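Residue numbers start from 1 in every chain, and the chains themselves are labelled A, B, ... in the order their sequence lines are given, proteins ahead of strands. What you see is a predicted model, and the numbers here were worked out from it, not measured in a lab. Values below: all heavy atoms of this structure, side chains included; hydrogens, waters and symmetry mates excluded.
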Number of protein chains: 2
Amino acid sequence: MKKKNIWSMITDAGLKKTKIRMNIIDLLEKSNRLLSAQDIYNNFYEKDDSMNLSTVYRTLEKLVEAKIINKIHLEQETQILYEFNHDEHHHFLICKSCNKITPIYGCPLHDYEKELMKETGFMITSHKIEFYGYCIDCQKNM
Amino acid sequence: MKKKNIWSMITDAGLKKTKIRMNIIDLLEKSNRLLSAQDIYNNFYEKDDSMNLSTVYRTLEKLVEAKIINKIHLEQETQILYEFNHDEHHHFLICKSCNKITPIYGCPLHDYEKELMKETGFMITSHKIEFYGYCIDCQKNM
DNA sequence: CTCAATGCAAACCGTTTGCATGCTC
DNA sequence: GAGCATGCAAACGGTTTGCATTGAG
């Protein structure tokens, strides 16, 4: 994503433009996998960019509030993971063997939720699905 | 549940029969809500039954392994929760206002999983759904 | 008598917080 | 210059572990 676009995401959210925020958004946007705070910290640390774990956590918190990124809490993961928010509803396939996490777009719950709400009176506003199993590669090695 | 049945669940799992295990299974079986290790500890502590948090954790671990109870990791909960295993597939409705957790039986994902497996090649072995929203009582107070 | 179960204290680990300093607006 | 952002160190909170002791089979 262009630098200019990221800057404007930051200012549109009422946040101050700082190099750290810019870099973290950029990293998440380019990443093809979910990243933990520690992953992000390591990434910059390895490049000799000074970075502080607390700052990473505080930055991630702000970016989640601003809906620039999503916070993902998966059952089997000890760490909280983050992804760039592409504004597309999705869930995850999680391989129990290699831990690879694959997003899947599309969602089967729309009608079911309507039905559930009618039955229970509970007002459903969101949901979360995790699928567990084995990815193609791991199936081959089994 | 009868004491005898609980004793046999323990021995069937190859575990030694101890008062603590018996009591924890009994408590979970009688509880109408999910309990954390701390909840369980408190319950006995309040009754002046000596109890140790490490032991609670170790006992819960064993009982989960033995499939006598289920371990439930919910996104918004800081603590891991436990329930007696009634061997009925279910998910949870979670009220964002009062935090009440309501189990719902029945599941809409069966066909969808088949379809997903065909599309992706991923072998799905289990899944987890959490529904978030507002329970009837909290809707009234809104 | 043996090995699993328990109690206690300390460690663990991801995350959060208090406070002093730096930097954006 | 005001107030948000950052760095550092310490705290936090749920959970786990090491080790000595107890107790079930």
Side-chain angles (χ1 to χ4, degrees), chain A residues 3-4 6-25 27 34-45 48-66 68-82 99, chain B residues 3-4 6-25 27 34-45 48-66 68-82 99:
Chain A
K3 220 169 189 171
K4 214 169 152 189
I6 298 183
W7 281 136
S8 66
M9 298 185 87
I10 295 174
T11 46
D12 290 356
L15 299 174
K16 287 187 180 171
K17 288 189 285 190
T18 68
K19 194 157 165 279
I20 289 177
R21 286 174 177 171
M22 167 77 186
N23 286 343
I24 289 181
I25 295 177
L27 178 61
L34 304 179
L35 299 177
S36 67
Q38 189 68 55
D39 290 335
I40 292 167
Y41 172 81
N42 291 344
N43 183 282
F44 292 108
Y45 187 84
D48 278 341
D49 259 339
S50 91
M51 180 60 73
N52 177 289
L53 239 194
S54 302
T55 305
V56 173
Y57 277 109
R58 282 195 266 235
T59 302
L60 290 171
E61 195 186 352
K62 288 286 182 191
L63 299 181
V64 169
E65 274 172 34
I68 297 171
I69 66 175
N70 300 322
K71 189 174 183 172
I72 317 271
H73 227 128
L74 297 177
E75 169 133 19
Q76 42 130 205
E77 289 286 334
T78 55
Q79 304 189 140
I80 296 170
L81 301 177
Y82 298 86
N99 294 313
Chain B
K3 221 172 190 168
K4 215 170 152 190
I6 297 182
W7 281 135
S8 67
M9 297 184 88
I10 296 174
T11 47
D12 290 356
L15 299 174
K16 288 187 180 174
K17 289 188 286 190
T18 68
K19 195 156 164 280
I20 288 177
R21 285 175 177 171
M22 166 79 185
N23 287 343
I24 290 181
I25 295 177
L27 177 62
L34 304 178
L35 299 177
S36 67
Q38 190 68 55
D39 289 336
I40 292 168
Y41 173 82
N42 292 344
N43 184 281
F44 293 107
Y45 186 84
D48 278 341
D49 260 337
S50 92
M51 183 58 74
N52 177 288
L53 239 195
S54 301
T55 305
V56 173
Y57 277 108
R58 282 196 264 233
T59 303
L60 291 171
E61 194 185 354
K62 289 285 183 191
L63 299 181
V64 169
E65 273 172 34
I68 296 172
I69 65 174
N70 300 322
K71 188 174 184 174
I72 317 270
H73 228 127
L74 298 177
E75 169 133 19
Q76 43 131 205
E77 290 285 335
T78 55
Q79 304 189 141
I80 294 170
L81 301 176
Y82 297 87
N99 292 315

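For A:Ile80, whose side chain is taken as the heavy atoms from C-beta onward, the closest listed nucleotide among C:dT15, C:dG7, D:dG7 is C:dT15. Closest to the B:Leu53 side chain, of the nucleotides C:dA5, C:dG14, D:dT15, is D:dT15. Listed nucleotides: C:dT16, D:dG7, D:dA5. Nearest to the side chain of A:Lys62: D:dA5.
Contact annotation: A:Tyr57 side-chain N/O to C:dT16 OP1/OP2 distance is not under 4.0 Å. The side chain of B:Thr59 places an N or O atom within less than 4.0 Å of a non-bridging phosphate oxygen (OP1 or OP2) of C:dT6.
B:Leu63 places its CG atom 12 Å from the C1' atom of C:dA5, with the value rounded to the nearest Å. As a whole-Å value, the separation of B:Lys17 NZ from D:dA24 P is 11 Å. Regarding A:Glu77, its CD atom lies at a distance of 15 Å from the C1' atom of C:dC13, rounded to whole Å. Taking atom CG of residue B:Leu60 and atom P of nucleotide D:dT15, one finds them 10 Å apart after rounding to whole Å. Going from atom CG of A:Asp12 over to atom P of C:dC25 covers 13 Å, rounded to whole Å. Atom CE in A:Met51 sits about 15 Å away from atom C1' in D:dC8, given to the nearest Å. Summarising the geometry, the separation between CG on A:Asn52 and C1' on C:dA20 is reported as 14 Å, rounded to the nearest angstrom. Taking atom CG on A:Asp39 and atom C1' on C:dT15, their separation rounds to 15 Å, with Å as the unit.
Sequence order on DNA chain D of the closest nucleotides to B:Ala37 and B:Leu15 puts B:Ala37 first from the 5' end. Heavy-atom nearest nucleotides on DNA chain C were determined for A:Lys19 and for B:Gly14, and the one closer to the 5' end corresponds to B:Gly14. Along DNA chain D, the nucleotide nearest B:Lys71 and the nucleotide nearest A:Lys16 are compared for position; the residue whose nucleotide lies closer to the 5' end is A:Lys16.
One donor-acceptor pair, N or O on each side, does fall under 3.5 Å between the base of D:dG18 and the side chain of B:Arg58. Not a single donor-acceptor contact under 3.5 angstrom links the side-chain atoms of B:Thr18 to the base of C:dA4. Counting distance only, with no hydrogens placed and no angle test, the side-chain atoms of A:Ser54 and the base atoms of C:dT17 include a donor-acceptor pair under 3.5 Å.
Rounding to the nearest 0.5 Å gives a distance of 9.0 Å between CG of A:Asn23 and CD1 of A:Ile6.
In this structure, the side chain of B:Arg21 does not engage the main chain of B:Thr59 through any donor-acceptor pair within 3.5 Å.
Side-chain contact between B:Leu63 and B:Met9 is absent, with no heavy atoms from C-beta onward closer than 4.5 Å. Counting only heavy atoms from C-beta outward, the side chains of B:Phe44 and B:Val56 never approach each other to under 4.5 Å. Contact annotation: the side chain of A:Ile80 never approaches that of A:Leu60 to less than 4.5 Å [non-hydrogen atoms, C-beta and beyond].
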